[in-house]
Amino acid sequence: MRIDIISLFPEMFDGPFGHSIIKRAREAGLLIVNIINPRDFAYDKHRIVDDYPFGGGSGMVMKPEPLYRAVESAKTAVESNKRRIILMCPGGEVFTQHKARELAAYDHLILVCGHYEGVDERIRQYVVDEAVSIGDYVLTGGELPAMVVTDAVARMIPGVLGASDAAVHDSFYSGLLEYPQYTRPREFNGWEVPEVLLSGDHAKIERWRRKQSLKRTLERRPDLLASCVLSEEDAKLLAEIKREQSGC
Ligand code: 4FV
């Protein structure tokens with residue numbers, strides 16, 4: 001997969017994309033990340049990329065021309081019929097694991113990072129395919145959201161997480177919160193590891209983990225429980241959890 005990111009601050013990406021899993025994925029050629037600075041497409045003497053909002057108001061708005069040309073340069077640089085152009089902004093569809101899996105099916109993503117008060121509306125209207133938000137809060141720029149999307153999508157690329165099925169055990173993969181994880185030592189500060197995990201009985205361990213995921217999701221994110229597909233076994237486990245919670 002190739003991800004072109006349109007940003008006025010290319011250096012911001014050095015850190016997050018220069019370490020660990022993303023760095024290895026890039027070195028392995030599983031992921032190409034390229035940052036394009038719209039200022040390189042501002043041809044006036046002062047290379048202006050933002051201007052005052054029509055109609056007045058505080059702050060500056062990113063101009064359409066440098067952004068348009070930057071996106072066009074990314075489109076012409078790569079032959080692709082599975083491309084998605086996304087504007088990172090608070091008004092977009094809220095990003096989820098489901099969205100990450102959907103975007104991982106493309107082979108070319110172009111992520112447009114706004115800054116200041118945002119980008120000229122004609123970019124959202126005529127240049128991008130969709131807008132995506134990482135959450136209902138306002139950031140100083142679209143760079144952090146672009147990093148979040150890149151990280152979550154990269155994990156879904158086969159081979160990026162090493163063990164091919166690692167992502168399958170993800171939180172949210174099954175729509176439930178993840179089960180608790182433990183590692184050595186067995187006892188720490190008098191804090192024990194649940195016996196079942198040391199039993200070697202994989203069926204019991206799988207059942208315990210599924211029950212823990214259901215219990216956590218019921219307690220912390222019942223909204224998720226409502227939207228995921230539960231098996232017969234899950235229904236039995238949920239009844240068991242509720243009985244235990246009601247002390248019966
Ligand atoms: C944002 C978000 C976000 C808004 C104005 C950048 C800022 C500035 N993007 N999810 N939340 N963007 O706050 O994606 O241009």
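We use all heavy atoms of the structure for the numbers below, so side chains are in, but hydrogens, waters and symmetry mates are not. First listed ligand is number 1; within each ligand, the first listed atom is number 1.
- Other members of the cluster containing V78 do not exist, because no ILVMFWY side chain is joined to it at under 4.5 Å.
- Residue P145 touches ligand 1 through its side chain alone, judged by heavy-atom distances below 4.0 Å.
- The protein atom (non-hydrogen) at minimum distance from atom 11 (N) of ligand 1 is Y137 O, 2.9 Å.
- Side chains of M62 and Y116 form a contact here, defined as non-hydrogen atoms less than 4.5 Å apart.
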Show your reasoning for whether side chain to side chain contact (heavy atoms under 4.5 Å, CB included) applies to M88 and V112. CA-CA 6 Å; M88 308 309 306; V112 179; over 6 Å; no
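- For atom 7 (C) of ligand 1, the closest non-hydrogen atom on the protein side is L139 O, 3.3 Å.
- Side-chain contact annotation: Q245 with E219, donor-acceptor N/O pair under 3.5 Å present.
- Residue contact check: M88 has heavy atoms under 4.0 Å from atoms 9 (N), 14 (O) of ligand 1.
- Salt bridge E72/K75: present, at least one basic N to carboxylate O contact under 4.0 Å.
- For the pair V132 and ligand 1, a heavy-atom separation below 4.0 Å is found.
- If you number the atoms of ligand 1 from 1 as listed, the ones under 4.0 Å from a heavy atom of G135 come out as 11 (N).
- Closest to atom 9 (N) of ligand 1 by heavy atom, among C89, A131, G59, A146, is C89.
- Within ligand 1, the atoms closer than 4.0 Å to a non-hydrogen atom of H115 are 15 (O), numbered from 1 in the order shown.
- In this structure, of G118, S133, P90, G141, the residue bringing a heavy atom nearest to atom 6 (C) of ligand 1 is G141.
- Atom 8 (C) of ligand 1 has as its closest protein heavy atom Y116 O, 3.2 Å.
- Here the heavy atom of the protein found nearest to atom 10 (N) of ligand 1 is I134 N, 3.0 Å.
- The pair K215-E240 does not meet the salt-bridge criterion, since no charged nitrogen lies less than 4.0 angstrom from a carboxylate oxygen.
- No donor-acceptor pair closer than 3.5 Å links the side chain of N189 to the backbone N or O of W191.
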After noting the C-alpha distance and the side-chain angles of L224 and L176, does the key distance pass the side chain to side chain contact (heavy atoms under 4.5 Å, CB included) rule? CA-CA 7 Å; L224 291 174; L176 297 177; 6.0 Å; no
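- Using modelled atom types and a 3.5 Å distance limit, the side chains of H108 and E79 yield no donor-acceptor pair.
- Under a 4.0 Å criterion applied to the non-hydrogen atoms of V138, ligand 1 contributes the atoms 13 (O).
- Under 4.0 Å from ligand 1, not a single heavy atom of V119 appears.
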